[in-house]
Asker: 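Handing you this structure, nothing more for now.
Numbers restart at 1 for each chain; the letters A, B, ... are given by sequence-line order, proteins then strands.
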Protein chains: 2
Amino acid sequence: MNFAPLLKYIANYVSLTATEIAFLESKLTIRTYLKGQYIVQQGDICKNVGFVLSGCTKTFYVDKEGQEHILMFSVEDWWTSDMGSFITQTPAYFNVQCLENTELVMFSYEANEELYEAIPKLERFFRLIIQKAFVSSQERIVRNFSLSAKEQYLHFRDQYPLIEQRIPQYMIASYLGITKEFLSKIKSQLILEQ
Amino acid sequence: MNFAPLLKYIANYVSLTATEIAFLESKLTIRTYLKGQYIVQQGDICKNVGFVLSGCTKTFYVDKEGQEHILMFSVEDWWTSDMGSFITQTPAYFNVQCLENTELVMFSYEANEELYEAIPKLERFFRLIIQKAFVSSQERIVRNFSLSAKEQYLHFRDQYPLIEQRIPQYMIASYLGITKEFLSKIKSQLILEQ
DNA sequence: AGTGAATGTTAATCTAGTTTAACATCATTT
DNA sequence: AAATGATGTTAAACTAGATTAACATTCACT
């Protein structure tokens with residue numbers, strides 16, 4: 001059970017005693033999924049929030065035309081879940097699927113509640129990371145309506161250079177909200193421009 | 001000092017004792033702004049999160065072309081601030097301006113920190129409301145790339161029928177990420193369709 | 001009541017990004 | 001090495017929404 005990356009991550013926000021760490025670990029589980037497996041499917045109740053130890057997932061939504069829209073990718077040291085489903089324990093709107101073999105630390109709904117009761121510092125920890133997630137979600141909304149597709153792609157490439165290498169281009173197009181054909185055009189334009 | 005709407009709102013999430021309420025109130029201030037006044041300007045450090053008692057604000061971003069993009073409206077029982085600036089105490093990205101005379105309960109950064117220390121239930125409260133804000137921000141991203149402008153307008157009208165009455169149409173267009181001319185076209189189409 | 005500013009409408013022209021469809025490349029399995 | 005499926009490219013035709021510009025309406029103030 002390798003909780004080290006999670007503990008290091010938490011230590012950026014709050015500091016836990018040895019006893020608290022032991023209690024925390026006792027409430028968590030580690031689970032591995034194979035490439036292609038679903039962690040959550042649209043309509044499920046999302047029972048866990050996962051912290052990625054290794055691998056990569058995509059969170060996406062299939063619209064009424066059957067089109068897939070990718071909301072986020074999660075790699076090492078990121079979180080993955082359908083937060084809406086998790087917090088209200090109602091059917092999920094999103095799918096979460098593994099793009100690689102993926103190892104996760106699982107925080108179940110019940111474990112989270114117990115952890116908040118027992119260790120208020122963890123409530124602070126989650127408040128802090130959700131605040132950050134909220135802010136970056138808002139920033140993305142702004143980018144959506146103030147940047148062109150090309151500018152958004154450049155921003156993505158800039159901000160997540162490592163993710164771009166690991167993920168097929170048509171999924172990046174879906175994340176950016178454009179077609180794979182248009183992303184291909186943008187990339188060939190960028191090559192000409194250099 | 002009329003904190004009643006705030007206390008009622010908080011009671012939906014956590015229950016406070018009379019002593020806790022007294023302490024909370026001692027850390028808060030109420031401030032009124034006139035229509036047109038700025039609560040936060042791009043570049044300021046956002047010192048407060050405001051809870052709207054009455055009135056209405058818009059949170060917007062001015063892009064490099066000078067175009068204004070409205071991220072949210074806040075009316076009674078909603079929150080208003082530049083959350084990114086507030087949590088990191090760095091210069092704001094957004095402007096917050098009053099669309100009506102507006103009365104706010106102000107939570108300063110320092111007050112918030114003291115409140116979290118003194119009353120862990122308030123840390124829970126903020127965690128819960130930020131979780132909700134994060135989820136609705138994600139839902140908006142999905143709508144942005146899976147709905148047409150017309151569908152997005154109908155969704156807005158459905159979800160915020162009262163807000164639509166109070167706000168000029170060109171600001172609603174800005175919120176939806178379309179031009180006022182196109183929103184006008186959509187509305188005349190909808191009238192024909194009936 | 002009349003004037004100017006703010007808000008809203010209409011229509012023509014334009015463009016960023018979509019759709020469709022055919023083809024190219026790459027990786028995996030047999 | 002051939003075959004299959006997954007991924008990526010190119011180009012032509014199309015469309016949702018932007019831009020521009022002229023005009024209409026409503027509001028707020030003297």
Asker: Contact between A:Leu28 and A:Met106 at the side-chain level, heavy atoms closer than 4.5 Å - yes or no?
Answerer: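 With C-beta onward as the side chain, the pair stays apart.
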Asker: With a 4.0 Å heavy-atom cut-off, tell me which residues in residues 154-167 of chain A come close to DNA chain D, sorted by residue number.
Answerer: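 Contacts with DNA chain D under 4.0 Å: none.
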Asker: Do the side chains of B:Phe73 and B:Phe60 get nearer than 4.5 Å, heavy atoms only?
Answerer: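 Counting from C-beta outward, B:Phe60 and B:Phe73 never come under 4.5 Å.
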Asker: Quick test of your reading of the model: are B:Glu113 and B:Lys27 salt-bridged, counting only N-O distances below 4.0 Å?
Answerer: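 The answer is no: the pair does not qualify as a salt bridge.
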Asker: Find the distance B:Leu192:CG to C:dT9:P and express it as a whole number of Å.
Answerer: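 For the pair B:Leu192 CG and C:dT9 P, the rounded distance is 13 Å.
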Asker: Suppose we screen for side-chain contact (heavy atoms from CB on, under 4.5 Å). Which residues come up paired with B:Glu123, at least two apart in sequence or across chains?
Answerer: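 Partners of B:Glu123 under the side-chain contact (heavy atoms from CB on, under 4.5 Å) test: A:Glu123, A:Arg124, A:Arg127, B:Tyr116.
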Asker: Kindly point out which of D:dT7, D:dG17, D:dT9 is positioned nearest to the side chain of A:Pro168?
Answerer: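 It is D:dT7.
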Asker: Distance check needed: C:dG17 P versus A:Ile186 CD1, whole Å only.
Answerer: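 In whole Å, C:dG17 P and A:Ile186 CD1 are 7 Å from each other.
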Asker: What is the distance from OH of A:Tyr170 to P of C:dA24, rounded to the nearest Å?
Answerer: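 Result: 22 Å.
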Asker: Mind calculating the distance between NZ (B:Lys187) and P (C:dT7) to the nearest angstrom?
Answerer: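 Distance check: B:Lys187 NZ to C:dT7 P gives 14 Å.
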Asker: Please report the distance, rounded to the nearest Å, between CD1 in B:Ile191 and C1' in C:dT9.
Answerer: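 For the pair B:Ile191 CD1 and C:dT9 C1', the rounded distance is 11 Å.
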Asker: We want to know whether A:Trp79 and A:Tyr9 form a side-chain donor-acceptor pair, criterion being a heavy-atom distance below 3.5 angstrom.
Answerer: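 A pair is found: one side chain offers a donor N or O, the other an acceptor, under 3.5 Å apart.
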Asker: Hydrogens and angles aside, do B:Tyr153 and B:Glu164 bring a side-chain donor and acceptor to less than 3.5 Å of each other?
Answerer: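 B:Glu164 and B:Tyr153 do have a side-chain donor-acceptor pair below 3.5 Å.
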Asker: Any side-chain donor paired with an acceptor under 3.5 Å for A:Thr57 and A:Thr102?
Answerer: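 A:Thr102 and A:Thr57 do not have a side-chain donor-acceptor pair below 3.5 Å.
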Asker: Between the side chains of B:Gln42 and B:Asn95, does any donor sit under 3.5 Å from an acceptor?
Answerer: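 The answer is yes; a qualifying pair exists.
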Asker: I need a per-nucleotide contact map over nucleotides 18-30 of chain D, read 5' to 3'. Cutoff is protein heavy atoms under 4.0 Å; write B for the base, S for backbone only, - otherwise.
Answerer: SBBB---------
Asker: Could you check which of D:dG17, D:dT9, C:dT10 has an atom nearest any side-chain atom of B:Ser184?
Answerer: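 Looking only at side-chain atoms, B:Ser184 lies closest to C:dT10.
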